[in-house]
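No hydrogens, no waters, no symmetry mates; every other heavy atom, side chains included, goes into these values. Just so it is clear, the structure is predicted and the values come from calculations on it, not from any experiment.
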Amino acid sequence: MGLELSTGGMLHSQAIREERLQKKLGVKGFRLPPVRDPSTDKDAERSLVAVRFPSWLQCPHCDRIGPEDCWAEAPGHAGRWCTSCTQKAPGQDKVFAIPVRFVMACEAGHLDEFPWHTWVGHTEVCKSRRGFLKLTSERPGLAGLMLSCPDCKSRRSMDGIFSADTWQRFPDCRGKRPWLAASNESCTRKARAVQRGASNLYFPVVESALSIPPWSDRLQEALGVQWDPIVETHPEDRAGFIKMLARGTLAPALKELALTPEMLALEIERRLSAHDAIETTDLRLEEYRQLTGGVAAQGLDREFEIRPQSVPAFIASLFSRLVKVVRLREVRAVRGFTRIQPPGDPESPDIARLSVRKDLDWLPAIEVRGEGIFLEFDPAAVSAWESHPDVRRRASTINTQWLSEWHERHGAGSSPLRAITPRFLLIHTFAHALMRQLTLECGYSSTALRERLYVGQADAAMAGVLIYTATTDDDGTLGGLQRQGDPERMKRTIIAALHAQTWCSSDPLCIEDMMAPEDGLSLAACHSCVMAPETSCEEFNRFLDRATLVGTPSQPELGFFRPVLDRAAE
């Protein structure tokens, strides 16, 4: 399936806004996924333009595979079926063909059909170079999955199709982009075979922002499509324009906001002035200041409410702030995607575009509301711990591998925008440990919790983590998570989370880094101890090391939380 962004723009009824994110991404707003309403939209089923991919299909009964034009179809219907198998079972439902298992993809984001006819290796006299083939499972594994031609009897197993070396002998990627109504691109990469449903076939590049004061009120939501005409009016004429609209289309919004036209004009001027001061280099720095700065400001039905709590004395030497986030709103916008490898960096050249239009003034996004718990690490404690030579060595091991992978993908002349530091490993791994424990105590599923990391040094010094629910269903607002932010509950949760990390069912292999993923971007981490669902992790389960939390058997001092664990054991 593919999607091309339409041109409805911000006049669409499902348009949403988040000023800080808009300024960073250079758009006027965002659009929610379309929702069909048969009572008002007769053509809702055509609101998304889609194409079939892969176009090669397989009959589940006779195992034949072939392109879509080889199968029977009914005009106006997407389904294709096998006439041979359908005729053999008269009176039964049609035997529909299903998409084949394998496709081709490259790291530049292109997507293509698997070269079935090339792979099977027809004889020179074969006349079926464009017709049906057969894909039959004769024994376990890829070696037992046989591709054959019924005409020339050529046969070849699918063994080795996932090896990058296999495709070095094949031509370069053809630059296919089936999700766009555009011509192919030139590409010098080598495409690789990927399973159609594999997780590495699509990694979304998501930019997100929390709605924080002064952007967390309902002003723009209430104004809706009137917002753009108002702000685009000349400043000298804006107050008069608002008064004119107040007699008609703007009246319901003014009533909802309990504002007069004069008050609305002042509020809009204040907002436009604040817009100019938005710092887009790192949106999280402003959020961090709000979360660590005290009580949220008062305003119009705000989407952001926090309640600072006292830090329990038992962990006060390691944490400086504990905050209940009673209410939050997050906007997540998709601005592209990668294939084969996660993006790793927001400026990666491998990010594929969503649209052929360069002047598109909106991006697809979702808007979610939830609750959470924010913890700020004590800056002095973190600084003292990350200066330990062996701690720095462990982080350097991962950072070196990270640089090596980056240079392999993008060339030695480029470098990622960030480095993997001890601080980052500590906060990220702690976030995973805390999420795993919270799912046991607050009633939320593991996929309902997400991490938001606040890590920075020098002028943008940050050391905090927000664990929050941000789901589009009822899981987001049940209240169970922020309730766990009570000081005594938080103390018990943190101690339990740390105790759980002292032992893994894969130890001693895990703690000795022998269970680390093959990419070398984590050390003491596996699915039995610290890894989380991919929907919960910002880093695709990379850059983890539980030794930074609890130490190793030979070097317990590597663990930032070792003093807490030792006191808890007394």
Side-chain angles (χ1 to χ4, degrees), residues 1-4 43 45-90 92-106 109-137 145-158 161 167 170-185 187 191-198 201-202 339 356:
M1 299 294 287
L3 169 65
E4 170 62 66
D43 295 324
E45 65 273 15
R46 284 179 272 173
S47 57
L48 288 179
V49 179
V51 297
R52 183 191 303 278
F53 186 86
S55 64
W56 275 68
L57 308 172
Q58 180 174 21
C59 174
H61 286 194
C62 65
D63 292 331
R64 291 190 303 167
I65 66 172
E68 59 181 326
D69 55 7
C70 291
W71 306 91
E73 64 174 309
H77 294 271
R80 301 287 190 272
W81 66 85
C82 177
T83 55
S84 175
C85 293
T86 300
Q87 291 171 0
K88 292 178 181 178
Q92 302 297 320
D93 292 337
K94 295 182 177 68
V95 179
F96 284 97
I98 60 176
V100 291
R101 293 168 56 180
F102 308 115
V103 297
M104 301 295 291
C106 84
H110 300 127
L111 198 62
D112 203 351
E113 302 284 349
F114 187 89
W116 298 102
H117 286 293
T118 303
W119 184 264
V120 75
H122 294 286
T123 63
E124 293 183 1
V125 296
C126 182
K127 300 179 180 179
S128 299
R129 294 175 182 271
R130 297 181 61 85
F132 284 111
L133 299 175
K134 201 165 186 178
L135 186 64
T136 308
S137 179
L145 189 61
M146 303 302 298
L147 179 66
S148 60
C149 173
D151 183 17
C152 67
K153 308 305 179 184
S154 297
R155 283 168 56 86
R156 185 178 181 182
S157 80
M158 305 302 290
I161 64 170
W167 303 100
F170 283 72
D172 291 340
C173 172
R174 298 191 296 174
K176 292 275 188 178
R177 299 180 293 173
W179 67 95
L180 297 180
S183 59
N184 300 341
E185 289 184 315
C187 183
R192 296 171 53 181
V194 183
Q195 290 200 69
R196 173 172 49 86
L201 190 57
Y202 175 81
R339 304 195 192 279
V356 294

Looking only at heavy atoms, what is the nearest atom pair of [X] and [Y], with distance?
X: Gly109; Y: Arg339; value: O-NE, 2.9 Å
X: Pro150; Y: Leu133; value: CD-CA, 4.2 Å
X: His110; Y: Glu185; value: NE2-OE1, 2.7 Å
X: Gly131; Y: Pro67; value: O-CD, 4.5 Å
X: Pro178; Y: Val51; value: O-CG2, 3.1 Å

With the side chain counted from C-beta on, respond yes when [X] and [Y] share a heavy-atom pair under 4.5 Å apart, and no when they do not.
X: Trp56; Y: Phe114; answer: no
X: Asn184; Y: Lys176; answer: yes
X: Cys70; Y: Arg64; answer: no
X: Met158; Y: Leu135; answer: yes
X: Cys59; Y: Val95; answer: yes
X: His117; Y: His122; answer: yes
X: Cys187; Y: Cys106; answer: yes
X: Gln195; Y: Phe102; answer: yes

Show your reasoning for whether side chain to side chain contact (heavy atoms under 4.5 Å, CB included) applies to Leu201 and Val103. CA-CA 9 Å; Leu201 190 57; Val103 297; 4.1 Å; yes
For Leu145 and Arg101, what are the C-alpha separation, side-chain angles and deciding distance, and is it a side chain to side chain contact (heavy atoms under 4.5 Å, CB included)? CA-CA 11 Å; Leu145 189 61; Arg101 293 168 56 180; 3.6 Å; yes
Drop me the distance from [X]'s [atom1] to [Y]'s [atom2], to the nearest 0.5 angstrom.
X: Lys134; Y: Asp63; atom1: NZ; atom2: CG; result: 6.5 Å
X: Leu57; Y: Arg80; atom1: CG; atom2: CZ; result: 7.5 Å
X: Cys62; Y: Phe132; atom1: SG; atom2: CZ; result: 7.5 Å
X: Met104; Y: Phe170; atom1: CE; atom2: CZ; result: 7.5 Å
X: Ile98; Y: Ile65; atom1: CD1; atom2: CD1; result: 11.5 Å
X: Glu73; Y: Thr83; atom1: CD; atom2: OG1; result: 12.0 Å

Walk me through whether Cys82 and His61 qualify under side chain to side chain contact (heavy atoms under 4.5 Å, CB included). CA-CA 9 Å; Cys82 177; His61 286 194; over 6 Å; no
Check step by step if side chain to side chain contact (heavy atoms under 4.5 Å, CB included) holds for Val100 and Arg196. CA-CA 8 Å; Val100 291; Arg196 173 172 49 86; over 6 Å; no
Please check if the side chain of Trp167 supplies one atom and the backbone of Asp172 the other of a donor-acceptor pair under 3.5 Å.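 Side chain of Trp167 to backbone of Asp172: no pair is present.
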Kindly confirm or rule out a cation-pi arrangement of Arg52 over Trp71, judged by NZ or CZ under 6.0 Å from the six-membered ring centre and within 45° of its axis?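 Negative - Arg52 is either too far from the ring of Trp71 or too far off its axis.
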